[in-house]
Structure formats: C-alpha cells, structure tokens
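Computed from a prediction, not measured in an experiment: that's the story for all the values here. A note on names: the letters A, B, ... follow the listed sequences, proteins ahead of strands, and every chain is numbered from 1. As a basis for the values below, the full set of heavy atoms in this structure was taken, side chains included, without hydrogen atoms, waters or symmetry mates.
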2 protein chains.
Amino acid sequence: MGDTERIVQQMSEKGLRITDQRRTLVKLFADASGYLLPKDVYDHMQRTYPGLSFDTVYRNLRVLLDLGIIEQIVFEEGVKFKLHCDESHHHHHMICLHCEKTLPIRSCPMPEMDVPGGFQIVKHRFEVYGYCSDCRDAAEHAAAEENGRP
Amino acid sequence: MGDTERIVQQMSEKGLRITDQRRTLVKLFADASGYLLPKDVYDHMQRTYPGLSFDTVYRNLRVLLDLGIIEQIVFEEGVKFKLHCDESHHHHHMICLHCEKTLPIRSCPMPEMDVPGGFQIVKHRFEVYGYCSDCRDAAEHAAAEENGRP
DNA sequence: ATGATTGCAAATCTTTTGCAGGCCA
DNA sequence: TGGCCTGCAAAAGATTTGCAATCAT
C-alpha cells in the first residue's frame with residue numbers, strides 16, 4: 001500500500017471524511033520531497049479543483065497538522081509544511097535553497113556542544129542550507145550566464 | 001560614550017534625523033538583553049509617546065535593520081529584532097524561553113558535521129532553547145503551583 | 001528653508017471564522 | 001439522514017504605502 005492510501009486510511013479511522021480534495025492533498029505531500037508554502041499547496045490543488053478556496057487549504061493543512069501527518073516550520077519566507085518525519089531517529093536536515101528538497105543529517109551536534117552553565121536545555125534547532133547535487137550545477141550555470149557566458 | 005549615543009551618532013552621520021523617538025528606540029535595543037517583537041517595541045515606546053503609530057515603529061525598525069544596527073530573526077511567534085551581534089566571532093545563541101535573554105555559544109557545530117555528499121553548503125542555523133539560570137527557578141515554582149503546591 | 005519624519009487612513013497579505021448549501025459515510 | 005466539508009464573504013492580525021502636516025538640521 002502506498003503512503004497516500006496508508007495516510008488516507010489513517011484519517012478515515014479518525015472519523016474524517018475522505019474527499020477527493022483531501023486525497024489529492026495527502027498525495028501532494030506524500031510525493032513532495034521538500035517544504036511547501038500554503039500558496040504552493042493552493043497553486044497545485046487549484047489546477048485540479050478550479051473552484052478551490054484558500055480557506056479550505058488552510059483548514060485541511062490544520063487537520064493534517066493536528067493529526068501529526070504533516071509538520072510545520074517557520075522560515076524567512078513564511079510558514080511551510082512537509083510530511084512529518086519519522087521520529088524514531090532524532091535527526092536534522094539539509095535543505096536545498098533551489099528545490100527545497102531535504103536530506104537527513106543523522107548526527108546531532110548537541111551532545112558535543114559546550115553550553116553556558118546554568119542553562120536548562122529544552123530543545124534545539126539545527127538546519128543546514130545549500131544546494132543539492134541536482135541543483136548545484138543548475139545554480140552554477142545560472143551564475144555563469146549572469147556573468148555573460150551563455 | 002554609551003552604546004546608545006554611539007549608534008545615534010552613527011545614524012546622524014548617515015544623514016538621518018535624530019528624533020526623540022529614534023533615540024528612545026535605539027536605547028530600547030541597546031538596553032534589551034533579548035529579542036523583541038514589533039508589538040513589544042510599540043508597547044514600550046507607546047508609554048513615552050502616547051500618540052505613537054504602529055507604522056512608524058515598523059518604519060524605524062526597517063531603518064535600523066537596513067543600517068545593520070539591529071538584526072531580524074523569524075521565530076514561531078513571529079519576526080523579532082535584537083541589536084546586531086558582533087560578527088567578528090562566528091557564534092550561535094542560547095535563547096531563554098521565559099525572558100528571551102540570549103547567551104552566546106562560542107563553538108560552532110558545523111566543522112564536525114558529516115553532511116550528505118554532493119551538498120554545497122551555503123549557510124546554517126543553530127539555536128538552543130531553554131531556561132536561563134534566572135528563569136529556571138521561576139519556571140519550577142510555576143510548575144509546582146500548577147500541581148497544587150503553593 | 002528644505003527635506004526627512006510622523007500620524008492617519010487605507011491598502012496588502014496571510015490566516016481565521018460564521019454561515020448556508022453540498023457531499024461522505 | 002446526519003453531520004462533516006466546502007465555498008463565499010467577511011473578519012482579524014501583521015505589515016506597507018500615500019499623503020499632508022510637522023520637525024530636525
């Protein structure tokens with residue numbers, strides 16, 4: 001069974017109605033490799049459902065969020081969503097600045113950190129940004145073109 | 001010369017007019033130990049300038065931001081501002097969840113990190129959240145009271 | 001005197017909410 | 001059928017902008 005159907009079933013068991021729209025939304029996240037803005041979600045969904053309204057997108061994002069199916073992170077560009085990570089292994093992410101694909105980083109810096117004394121640690125945030133191997137070449141070509149080399 | 005006057009002079013040299021309001025705003029950041037929301041700034045300033053309008057706060061925050069006097073970070077609760085850090089030493093922060101005071105962490109985890117191959121690193125974000133020594137006791141007392149012990 | 005700064009009002013943008021009709025189970 | 005979902009409209013919160021009056025230099 002694919003990720004989409006598994007999640008849809010999980011939603012059904014919680015008593016939620018499975019509409020075509022919700023199925024498409026789940027599939028969008030199941031297939032996406034990176035973070036999505038509400039606007040990204042709306043734009044994608046709107047192709048299939050021309051009458052779609054923005055508030056329904058927000059409402060369904062909240063539903064998926066409350067069920068723990070997706071997670072929310074605040075970036076400079078705004079709030080973004082992605083499929084919830086498997087939490088069985090604590091990990092962090094590399095995030096591609098071009099395609100927003102994320103790659104896990106298995107090691108966590110916290111154990112090695114020398115934090116100021118007397119501070120009671122509750123949580124931490126660690127993210128690395130850059131260009132993934134797929135996008136690095138594209139970025140270099142773009143930069144070269146800006147400098148006049150076609 | 002205090003931080004406030006030094007910054008004000010720096011603004012004056014850029015051709016900016018020094019109003020009482022701007023001087024107070026600079027002093028607010030020079031004295032603050034943590035991050036401030038635009039609303040925090042407004043509330044503080046509004047005590048001294050009852051006629052203050054929100055747009056002026058935003059405008060002056062942007063002025064200070066463009067001059068590099070303050071810096072902006074996006075948190076869950078929204079965009080916050082603080083006096084710009086001395087960048088001569090790359091460092092990260094511990095941020096108190098109660099009073100929002102920040103303490104520097106001198107060591108940076110990046111050199112030790114084993115990042116997925118082929119990724120071209122551009123920047124990273126690392127923050128540790130918890131309770132500072134001043135607030136830890138207060139937090140414990142509050143938790144104890146919630147459990148019925150006055 | 002001149003131009004930057006401010007307050008006011010209104011416009012944007014993002015996100016949320018009330019309501020009535022439509023659809024899933 | 002019953003109640004959840006949806007679209008519409010409007011509200012709410014955050015931030016920006018145009019304009020005329022005011023203030024720093």
ILVMFWY network linking Val74(B) to Leu37(B), side-chain heavy atoms under 4.5 angstrom
no
How would you label the contact of Asp55(B) with the nucleic acid (heavy atoms, under 4.0 Å): base, sugar-phosphate, or nothing?
base
Just compare dT15(D), dT17(C), dT25(D) and give me whichever is closest to any side-chain atom of Pro38(B).
dT15(D)
Thr56(A) vs dT6(D): side-chain N/O to OP1/OP2 distance below 4.0 Å:
no
Would you kindly say whether Tyr42(B) and Ser53(B) are connected by a side-chain donor-acceptor distance under 3.5 Å?
no
Give the rounded distance in Å between these two atoms: CG of Leu37(A) and P of dC13(C).
15 Å
Among dC5(D), dC8(D), dT6(C), find the nucleotide with the atom closest to the side chain of Arg59(A).
dC8(D)
For the residue pair His124(B) and His92(A), is the inter-centroid distance of their aromatic rings smaller than 6.0 Å?
no
d(CG, Asp40(A); P, dC13(C)) in whole Å
17 Å
Using a heavy-atom cut-off of under 4.0 Å over every strand shown, decide if Thr19(B) touches base, sugar-phosphate, or nothing.
sugar-phosphate
Looking for any heavy atom pair under 4.0 Å, which part of the strands does Arg22(A) touch: base, sugar-phosphate only, or nothing?
sugar-phosphate
Could you measure the distance from the CD1 atom of Ile73(A) to the CZ atom of Arg125(A)? Nearest 0.5 Å is fine.
6.5 Å
For Tyr58(B) and dC8(C), give me the distance from atom OH to atom P, rounded to whole Å.
17 Å
What about Tyr131(B) and Phe119(A), are their ring centers closer than 6.0 Å?
no
Heavy atoms from C-beta onward define the side chain here; which of dG7(C), dT5(C), dT16(D) lies closest to that of Arg62(B)?
dT16(D)
In terms of the nearest nucleotide of DNA chain D, which residue is placed more toward the 5' end: Asn60(A) or Lys39(B)?
Asn60(A)
I need the CD-P distance between Glu76(B) and dG13(D), as an integer number of Å.
20 Å
d(NZ, Lys80(A); C1', dT14(C)) in whole Å:
15 Å
Upstream residue (5' side of DNA chain C) when Gly15(B) and Leu52(B) are each assigned their closest nucleotide:
Gly15(B)
Is there a side-chain polar atom (N or O) of Gln21(B) under 4.0 Å from OP1 or OP2 of dC23(D)?
no
Send over the distance from Lys14(A) NZ to dC5(D) P, rounded to a whole Å.
14 Å
Take the protein atom OH of Tyr49(B) and the nucleotide atom C1' of dC8(C), then report the distance between them rounded to whole Å.
20 Å
Picking from dT25(D), dG3(D), dG18(D), which would you name as closest to the side chain of Ile18(B)?
dT25(D)
Ignoring hydrogens and geometry beyond distance, is the side chain of Arg17(B) in donor-acceptor contact with the base of dA24(D) at under 3.5 Å?
yes
Rounded interatomic separation in angstrom, taking CD from Gln72(B) and P from dA14(D)
15 Å
